[in-house]
Amino acid sequence: VQLQASGGGLVQPGGSLRLSCATSGLDFSDNAGAWYRQFPGEERELVASITSGGRRRYAESVEGRFTISRDNAANTLYLRMNSLTPEDTAVYYCNVGGRYLSGRYYPTTVWGQGTLVTVSS
């Protein structure tokens, strides 16, 4: 399994970005996926997840601002981020093929390289 995240960059507060995660080596359409982020010195935290059927869940901190989506034909996972604040500055990682337990997504051990999002004026 290979995951290639892209789309990060520098954006001003209030701006938007769309992250992409291109996948290969698995049947993407049959698998759940998720986005995580990692702040300096901290562990990765779950930002959003989506089931193979398209059911979405979000961390409270991004609810209403971020949208996770998937394009099964393109084997790609997306994260649309709106109304960005400096507190969203982090390295964002995608994960695909994890499992849901009690409604929460648990990742596999395969991660892409991450993409840096910097929100600053």
The side-chain contact (heavy atoms from CB on, under 4.5 Å) partners of Q4 (sequence neighbours excluded) come to A22, Q113
The complete set of disulfide bond (SG atoms under 2.5 Å apart) pairs with one or both residues in residues 15-95, sequence neighbours excluded, reads C21-C94
Ignoring hydrogens and angles, state whether a donor on the side chain of N95 or T108 is under 3.5 Å from an acceptor on the partner side chain. yes
Do side-chain atoms of S120 reach the backbone of T118 as a donor and acceptor pair under 3.5 angstrom?
no
Discussion item. Using the rule that Ile, Leu, Val, Met, Phe, Trp and Tyr join whenever any side-chain heavy atoms are under 4.5 Å apart, tell me whether Y105 and V47 fall into a single cluster.
Written reply: no
Hits for side chain to side chain donor-acceptor pair (under 3.5 Å) against E87, two or more places apart or cross-chain, chain-then-number order -> T85
Under a side-chain separation threshold of 4.5 Å, the hydrophobic residues clustered together with F39 are none
All heavy atoms of S52 vs all of S29, minimum pair found to be CB-O, 3.5 Å
Does the side-chain contact (heavy atoms from CB on, under 4.5 Å) test come out yes or no for V117 and T89, once each step is laid out?
-> CA-CA 5 Å; V117 173; T89 296; 5.9 Å; no
* Any cation-pi pair here, R44 with Y93, using under 6.0 Å and within 45°? -> yes
For R80 and S16 the tightest heavy-atom approach is NH2-CB, 3.6 Å
Worksheet entry | V96 side chain near L26 side chain, heavy-atom distance below 4.5 Å | yes
Using a 4.5 Å side-chain heavy-atom cut-off and chaining through intermediate ILVMFWY residues, the residues clustered with L10 come out as none
Residues 16-31 vs salt bridge (charged side-chain N to carboxylate O under 4.0 Å, His left out), sequence neighbours excluded, gives none
Apart from Y78 itself, members of its ILVMFWY cluster (side-chain separation under 4.5 Å) are none
Tightest non-hydrogen contact, residues D71 and F28, listed as O-CE2, 3.8 Å
Interatomic distance, CZ@R65 vs OG@S83, rounded to 0.5 Å, equals 6.5 Å
*asked:* Could you go through F66 and L84, starting from their C-alpha distance and side-chain angles, then the distance that decides it, and tell me whether this counts as side-chain contact (heavy atoms from CB on, under 4.5 Å)?
replied: CA-CA 9 Å; F66 290 12; L84 285 161; 3.8 Å; yes
Other residues, nucleotides, ligands: >12 heavy atoms within 6.0 Å of E43 CD: no
- Are V1 and L3 close enough, and set up right, to give a side-chain contact (heavy atoms from CB on, under 4.5 Å), and what steps lead you there? CA-CA 7 Å; V1 176; L3 306 174; 4.2 Å; yes
Note to self: Counting only heavy atoms not in Q2 (residues, nucleotides, ligands), do more than 12 fall under 6.0 Å from its CD?
What the structure shows: no
Smallest heavy-atom separation, T51 atom then R70 atom, equals O-NH1, 3.0 Å
To the nearest 0.5 Å, atom CD1 of I50 lies from atom CD1 of I68 at 5.5 Å
Rounded to the nearest 0.5 angstrom, the CZ-CZ distance for R55 and R57 is 4.5 Å
The salt bridge (charged side-chain N to carboxylate O under 4.0 Å, His left out) partners of R37 (sequence neighbours excluded) come to E45, D88
Note: L79 and A48 closest approach over all heavy atoms is CD1-CB, 4.2 Å
Between V91 and T115, is a side-chain contact (heavy atoms from CB on, under 4.5 Å) present by the stated rule, with each step listed? CA-CA 5 Å; V91 179; T115 185; over 6 Å; no
With sequence neighbours left out, the residues meeting salt bridge (charged side-chain N to carboxylate O under 4.0 Å, His left out) with R99 are none
Residue pairs passing the disulfide bond (SG atoms under 2.5 Å apart) test with at least one member in residues 55-90, sequence neighbours excluded, are none
- Among side-chain atoms of Y100 and S49, is any donor-acceptor pair under 3.5 angstrom? yes
Taken in chain and number order and not counting sequence neighbours, the residues that satisfy side-chain contact (heavy atoms from CB on, under 4.5 Å) with S6 are S20
Here the gap from L19 atom CG to M81 atom CE, rounded to the nearest 0.5 Å, amounts to 4.0 Å
Residues at least two apart in sequence or cross-chain that pass ring-ring contact (aromatic ring centres under 6.0 Å, His included) with Y36, listed by chain then number, are W111
CG of L17 to CG of N82, rounded to nearest 0.5 Å, is 9.5 Å
